[in-house]
**Student:** 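Just passing along the structure, written as C-alpha cells.
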Amino acid sequence: MNNYEYLLSDISILKGVGKSLATKFKRKNINTIFDLILSTPSKYIDRSIETKIKDLHIGKIQTVTIMVEKYNFPRVRNLPNKVICSDNTGKLDCIFFNSYEGYIKKILPLNKLVTISGKIGFFKGRYQVTNPTHVNTDKNKIKKIHSNYSLTEGISHNVFSKTIVEALSKLPTINEWLSTEILKKFDNISWNEAITNIHNPKKEYDEKKCINRLIFDEILSTFLINSNIKKKFKRKKKLPKKIKFSLTNSVEKQIGFKLTIDQNNAINEINNDISSNQRMFRLLQGDVGTGKTIVALISAQNVILNDYQVAFMAPTEILAKQHFKLYKKVFKDSAKANLLTGKTEHKERKDILNNLENNNIKIIFGTHALFQKKIKFKKLGLIIVDEQHKFGVNQRKRLSEKGDANSDVLVMSATPIPRTMMMTLYGDMDITLIKSKPKNRKEINTYTKDVNKINDVINFIKKEIKNDNQVFWVCPLIEESKKIDHQSSVVRYKYLNKIFKNEVGLIHGSIDKSDREEILNKFLHNKVKILVSTTVIEVGIDFPNATCIVIEDSNKFGLSQLHQLRGRVGRGEKQSSCILLFKSSLSENARKRLKILKSSNDGFLIAEEDLKLRGYGDLLGFQQSGQKTFRLADPIINEDLFQLAEKEIKFIEKENINLSKYNSLLKLYDRANIINELI
Ligand code: ADP
Ligand code: MG
C-alpha cells in the first residue's frame with residue numbers, strides 16, 4: 001500500500017470501526033481515514049478571540065462578553081427560556097430549550113458580565129445563541145478547544161477520540177510537497193507533525209501554524225487542480241485565427257455608441273487569444289450592464305470571418321433570442337445566423353442541424369441544449385457561454401470537451417467574485433475584467449422605504465409610468481414554501497392591478513415556461529408597464545425602458561443578489577431608481593447591509609462586503625458552481641493563506657514546475673478526478 005492509499009481507505013478498515021459505526025461516520029461525510037483525521041479538529045475554533053455583537057457572523061462559532069440584562073421565562077411548554085444580553089454595540093439573546101431556570105440563573109447571573117462562546121444564530125431580527133455550553137464569568141476560563149470533535153448522533157466523544165488514535169497509529173510518512181520557502185512560513189512543520197499535533201497538541205508546536213499548514217495544503221491543492229485544467233486545455237495546439245481590426249469601427253457605426261476603454265481592452269485580450277496557437281479558455285467578467293454582449297459578438301464575428309462556426313449559449317431562450325437579434329442588427333448576416341430553442345419546430349430544427357453539420361450556419365444562438373451530442377458542428381471555432389454562474393464546473397468541463405482543438409472558449413459572468421475567491425472558482429481560466437460602465441449611464445438612485453409607506457412608492461411609480469417608463473416589482477422567493485411565495489406575488493399583483501388597471505403582468509415559479517416568455521415579451525414590448533415577479537426574473541435580458549425596480553422584503557436577499565436585481569434597470573440613458581422595501585423593525589445588521597447597497601454601485605465591493613457579512617457558503621454563484629467547499633479553509637478568515645497560495649501557484653506556473661511532487665497532495669484532496677475526466 002503506498003502512502004496515500006492507506007489514507008484514502010474506507011474507515012471501516014480501522015480496528016473498532018464496525019458496520020454500524022462506519023455508517024454513522026458516513027452520515028457525517030467521513031468516508032475515508034483522511035476524512036476522519038482532517039475533520040477532527042472540526043474547524044479550528046479559537047474561542048479566545050472575542051467579537052463585538054455588531055461584528056458577529058451568523059452561523060459561526062464566536063465568543064462575546066456580554067451583560068446579562070433580563071430573564072424571560074415564559075413557563076409554557078415548548079416555549080424556550082430566553083435571557084436578553086447586550087454589549088455596547090448591540091443585543092444578543094441566549095435561548096434555552098429544556099433547561100432549568102436555576103441552572104440558567106447560575107451560569108448567566110443577572111447584571112454580571114459573562115463570556116459566552118457558541119454558534120451565532122439569527123431569529124426575528126436578533127442575534128441569538130441556543131443552549132450555549134461555553135459560558136463563564138471569567139473569560140480566561142473560555143479556552144481554545146482542540147479535541148472538541150463535532151459529533152454526530154450515536155458517536156460519543158470517547159469513541160471518536162479512540163478512532164482517531166487508531167487512525168493516527170498507522171499514519172504513513174508523507175513526502176513533503178511544499179517548497180522550502182513556503183514550509184519555512186509554517187515553522188517547517190511537516191504534514192505528519194501537523195496532523196498529529198492538532199489532535200494531541202504538544203508544547204513544541206504552535207497549533208496555529210499546524211492548522212494553517214493544513215489549510216494551506218487544501219487551498220494549494222484546489223489551485224493546482226485548476227491550474228492543471230488550464231494547462232491541459234491549452235496543450236492542444238490550434239490554428240491561429242486572423243483578426244480584422246476594423247470590425248470595431250464598423251460596429252460602432254451600427255450601434256451608435258463608442259465602446260468603452262474596458263470593452264476595447266477586453267476585445268484586445270480576446271483577439272490575442274484567438275490569434276494565438278493556444279486555445280482560449282477565458283472568463284469575461286463584468287458587472288451587470290458593462291456591455292459584455294457586444295464584446296462577445298465582435299469576437300464571434302472575427303472567428304466567423306475565418307470561416308469557423310460559433311456557438312453562443314445563453315441561460316434562457318429569451319436571452320438567446322435577444323442576442324440573436326442584436327447580432328442580426330449589427331452584422332446583417334442573418335442568413336448565416338440562427339436560433340435554436342426548445343420551441344424550434346421539428347422541420348426547421350432538422351434543417352438547422354444539417355446546416356450546422358455542413359458549415360452553412362456560421363453562428364447559432366441557443367440555450368444549453370446547444371451542447372447535446374446530436375448537434376454536430378463542422379468547424380466550431382468559438383464557444384461563448386453567457387451568464388456562466390448558471391453553469392457550474394461540470395458544465396464547464398463538458399463544454400470544454402465539446403469543441404475540437406480549434407474551438408476557443410469564452411465564458412461571461414456578471415457575478416462579481418470577491419478577490420480571494422477568484423482563483424478558487426476560476427483558476428482554470430484566464431480572466432478579463434470589465435470594470436467601468438458606459439459613460440452615458442446615470443447612477444441608479446437607491447432608496448430604502450418602510451413598506452407602510454407604500455403609497456409614496458405608488459405615487460412615484462405613477463410618475464414613472466406617466467413618462468412612459470416601466471417598472472419591475474420583485475417579491476421574494478421563499479424557497480421552503482413555494483405556495484407562500486406565489487401567494488405573496490399574487491397578492492401584490494392584485495393590489496397593483498387595482499391601481500394600474502391592465503398595466504400589470506405577473507410571473508412566478510409555477511407559471512409555465514411558455515406563458516412566462518409571453519408575459520416577458522409583453523413587458524419587453526411595453527404592452528404592460530409593471531412586471532410583478534419573484535426572483536425568477538430572467539438574468540441578462542436588456543430592458544432599456546425599465547427605469548424603476550421595487551424589491552419587497554429586501555433584507556431577505558443577499559447583497560450581491562440585490563445588486564444583480566438592481567442591474568435590471570439603469571440600462572438606458574434615463575435616470576433609474578431602485579426602491580428597497582422593508583418591514584419595520586430591521587435588525588442592526590440588515591440596516592448595515594442595505595446601507596452598503598445604497599452607498600455603492602460597485603458590484604465587486606458589494607460582493608466583498610456580502611462575503612464578510614454572510615460567509616462564503618452563501619455567496620451567490622458559489623453554491624451553484626458545483627465547486628466543492630473547503631474542509632478547513634475559510635476565505636474570510638484565511639485570506640492571507642489564499643494570497644500566499646495564489647503567489648505560489650503563479651510561481652509554479654511561471655517556472656513550469658513539474659507537478660509530480662504534488663501527486664499525493666492532489667490525490668488526497670480528492671480533486672484530481674476533475675483532470676482525468678476532462679482529458
Ligand atoms: P451585460 O454586460 O450586463 O451583459 P449588455 O451587454 O446587455 O450588458 O449591455 C447593456 C446595455 O448597454 C445594452 O443596452 C447595450 O446596448 C449598452 N451598451 C453596451 N456598450 C455600450 C457603450 N460602450 N456605450 C453605451 N451603451 C452601451
Ligand atoms: Mg449580459
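One-based numbering, in listed order, for ligands and for the atoms of each.
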**Student:** On a heavy-atom basis, I'd like to know which of Ile294, Leu326, Thr293, Ile434 is closest to atom 6 (O) of ligand 1.
**Tutor:** Thr293
**Student:** Is Glu317 salt-bridged to Lys321, cutoff N-O under 4.0 Å?
**Tutor:** no
**Student:** Anything under 30° is parallel, anything over 60° is perpendicular, the rest tilted; go ahead and classify Phe460 against Tyr447.
**Tutor:** perpendicular
**Student:** Does the distance from a Lys or Arg side-chain N to an Asp or Glu carboxylate O, for Asp408 and Lys238, drop under 4.0 Å?
**Tutor:** yes
**Student:** Which of these, Pro544, Gly567, Gly291, Pro438, has its nearest heavy atom closest to atom 25 (C) of ligand 1?
**Tutor:** Pro438
**Student:** Which residue in the set Glu517, Glu518, Glu348 passes salt bridge (charged side-chain N to carboxylate O under 4.0 Å, His left out) when paired with Lys343?
**Tutor:** Glu517
**Student:** Does Lys439 have a heavy atom less than 4.0 Å from any atom of ligand 1?
**Tutor:** no
**Student:** Can you list the ligand 1 atoms lying under 4.0 Å from a non-hydrogen atom of Thr260?
**Tutor:** 23 (N)
**Student:** Could you tell me which residues satisfy side-chain contact (heavy atoms from CB on, under 4.5 Å) with Lys325, sequence neighbours excluded, listed by chain and number?
**Tutor:** none
**Student:** Taking only heavy atoms of Val288 into account, list the atoms of ligand 1 that are under 4.0 Å away from them.
**Tutor:** 3 (O)
**Student:** Please list, in number order, the atoms of ligand 1 under 4.0 Å from a heavy atom of Lys258.
**Tutor:** 22 (C), 23 (N), 24 (N)
**Student:** Looking at Leu259, which atoms of ligand 1 are within less than 4.0 Å of one of its heavy atoms?
**Tutor:** 23 (N)
**Student:** In terms of atom number and element, which parts of ligand 1 are under 4.0 angstrom from non-hydrogen atoms of Gly289?
**Tutor:** 1 (P), 2 (O), 3 (O), 8 (O)
**Student:** Under the ring pair (Phe, Tyr, Trp, His ring centres under 6.0 Å) rule, collect the residues that match up with Phe523, sequence neighbours excluded.
**Tutor:** Phe472, Phe543
